[in-house]
Engineer: 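First, the structure itself, so that you have it in front of you.
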Amino acid sequence: MISIKTLGQFIIEKQADFPYAKGELSRLLRDIGIAAKIVNREVNKAGLVDILGTNGDSTNVFGENQKKLDVYADEQFISALRSGGECCFVASEEQEEGVVLTDTGVSKNAKYIVCIDPLDGSSNIEVNVSVGTIFSIYRRKSEVGEDLTEDDILQTGVEQVAAGYIIYGSSTMLVYTTGKGVNGFTLDPSIGEFCLSHPNMKIPSAGKIYSINEGNYVKFPQGIKNYIKYCQQEDKNTNRPYTSRYIGSMVADIHRNLLLGGVFIYPETSAQPYGKLRLMYECNPIAFIIEQAGGKATTGTKRILEIKPTELHQRVPAILGSIDMVDKVLEFLS
Ligand code: AHM
Ligand code: MG
């Protein structure tokens, strides 16, 4: 008989690893897992129902009010966090301001802050390409019952207590860390459970995949241009030329590079001085996972996890992946 371990079982087993092991963080992770399954169901049938409004709500053939999937995903995650009762504040890519949850009875004593990109890379849905959810969890600093402050919400990446992503791909996977390694779970649709499939994930220290939107080449800093040329040059000793792979869906690009080894780069450009990706719900959680898997995550000048955020939707340049490859990019930038 095949023995499987579900996400729920795994979380309970690992509960003792958490510094405040009262089951609250376990429940929060479980709530995120449940919302992920609901979002997965909708993402999977995106091609079937006419759900792909491009601007706000739209009406489907049944006359039902349909929402854009990223708005739908946002609602699902917030609703799961609200009813789960362990989260006091959600910062979401979909919300200009964060959402305070302590006004509802069940979340009154909640101790965790969640930053989330509910459906990253959502422009890929209409062409049936993988998309993802990215999340990051912090413990609130203020006492329960007090008003939340900026110190609760704008925490540095090193203070994350957990982070993860869900990839809605050819299989749907949930990958997360609580600072004790990275574990990956694949959704078995026949039983509706995430099952441990990738225990203790490690990113290879070297690789030959570089992921960057080369269409922006002319706008890149000279060091990045030189690194791209380096990747393209032939050299037997270093296994070059490298392979260029860029999906344009961060979770999918990161997931592939995590498994195979590689570097993902979204640098600053002359048009976007801080790059495109958001610190709080894209770069920090991915950086936590990459570091926990043995890789490296930097802006080019600073470790991503050490940046003190100044605003919810702050952008930062990002270079993430296999340690040797990231170090090589840094060499070109210096
Ligand atoms: P989004 O949050 O608006 O979906 O944008 C984030 C996405 C990432 O998933 C991806 O890595 C990046 O944008 C791609 O951007 P570009 O098309 O500029 O290369
Ligand atoms: Mg995004």
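Every value quoted in this text rests on a predicted model; they were computed, and no experiment measured them. We count ligands from 1, going down the list as the structure has it; atoms in each ligand are counted the same way.
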Engineer: Considering both backbone and side-chain atoms of Asp120, is one of its nitrogen or oxygen atoms within less than 3.5 Å of a nitrogen or oxygen in ligand 1?
Structural biologist: yes
Engineer: For the residue pair Tyr246 and Phe264, categorise the inter-ring angle as parallel (less than 30°), tilted (30 to 60°) or perpendicular (more than 60°).
Structural biologist: parallel
Engineer: Please report which non-hydrogen protein atom sits nearest to atom 12 (C) of ligand 1, along with the residue it belongs to and the distance in Å to one decimal place.
Structural biologist: Lys276 NZ, 3.8 Å
Engineer: Say whether Tyr165 and Leu28 are linked into one hydrophobic cluster, either directly or through other cluster members, by side-chain heavy-atom distances under 4.5 angstrom.
Structural biologist: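 Different clusters.
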Engineer: Does an N or O anywhere in Met250 fall below 3.5 Å from an N or O of ligand 1?
Structural biologist: yes
Engineer: Under a single-linkage definition using a 4.5 Å side-chain heavy-atom cutoff for Ile, Leu, Val, Met, Phe, Trp and Tyr, are Ile125 and Ile134 assigned to the same hydrophobic cluster?
Structural biologist: no
Engineer: Salt bridge check: are Arg303 and Glu291 linked by an N-O gap of less than 4.0 Å?
Structural biologist: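 Salt bridge flag = yes for Glu291 with Arg303.
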Engineer: Roughly, to 10 degrees, what angle do Glu282 atom OE2 and Asp120 atom OD1 form around the Mg ion (ligand 2)?
Structural biologist: 90°
Engineer: Report the atom name of the nearest N/O/S atom of Glu93 relative to the Mg ion (ligand 2).
Structural biologist: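 The Mg ion (ligand 2) is closest to the Glu93 atom OE1, counting only N, O or S.
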Engineer: For ligand 1, which atoms, with element, lie under 4.0 Å from some heavy atom of Tyr246?
Structural biologist: 11 (O), 12 (C), 14 (C), 15 (O), 16 (P), 19 (O)
Engineer: Please write down residue, atom name and distance for the protein heavy atom closest to atom 10 (C) of ligand 1.
Structural biologist: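 That would be Gly248 O, 3.5 Å.
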Engineer: State yes or no: do Ile265 and Ile247 share one hydrophobic cluster built from I, L, V, M, F, W and Y residues joined by side-chain heavy-atom distances below 4.5 Å, directly or via other members?
Structural biologist: no
Engineer: Pick whichever of Glu93, Gln272, Glu94, Glu282 has a heavy atom sitting closest to atom 3 (O) of ligand 1.
Structural biologist: Glu93
Engineer: So if you build clusters from Ile, Leu, Val, Met, Phe, Trp, Tyr with side-chain heavy-atom gaps below 4.5 Å, do Ile38 and Leu69 land together?
Structural biologist: yes
Engineer: Do the side chains of Tyr281 and Ile113 join up, straight or via other hydrophobic residues, at under 4.5 Å, putting them in one cluster?
Structural biologist: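 Linked within one cluster.
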Engineer: Testing Lys236, Glu234, Arg240 for side chain to side chain contact (heavy atoms under 4.5 Å, CB included) with Thr238, which one passes?
Structural biologist: Arg240
Engineer: Asp117 heavy atoms, cut-off 4.0 Å: which ligand 1 atoms fall inside?
Structural biologist: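 Result: 2 (O).
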Engineer: With heavy atoms under 4.0 Å as the rule, classify the contact between Phe264 and ligand 1 as side chain, backbone, both or neither.
Structural biologist: side chain
Engineer: For atom 17 (O) of ligand 1, what's the nearest protein heavy-atom neighbour? Residue, atom name and distance, please.
Structural biologist: Asn213 ND2, 3.9 Å
Engineer: So which of the N, O or S atoms of Asp117 lies nearest the Mg ion (ligand 2)?
Structural biologist: OD2
Engineer: Compute both the distance and the angle, then confirm whether Arg245 meets the cation-pi test with Tyr210: under 6.0 Å from the six-membered ring centre, within 45 degrees of the axis.
Structural biologist: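 Negative - Arg245 is either too far from the ring of Tyr210 or too far off its axis.
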Engineer: Please check whether Ser249 reaches ligand 1 - meaning an N/O of the residue sits under 3.5 Å from an N/O of the ligand, judged on distance alone.
Structural biologist: no
Engineer: Mark yes when over 12 heavy atoms from residues, nucleotides or ligands other than Asp235 sit less than 6.0 Å from its CG; otherwise mark no.
Structural biologist: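 Counting neighbours around CG of Asp235, more than 12 heavy atoms of other residues, nucleotides or ligands fall under 6.0 Å, so yes.
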Engineer: Does the N or O separation between Gly121 and ligand 1 drop below 3.5 Å for any pair?
Structural biologist: yes
Engineer: Name the closest protein heavy atom to atom 18 (O) of ligand 1, giving the residue it belongs to and the distance to 0.1 Å.
Structural biologist: Tyr266 OH, 2.6 Å
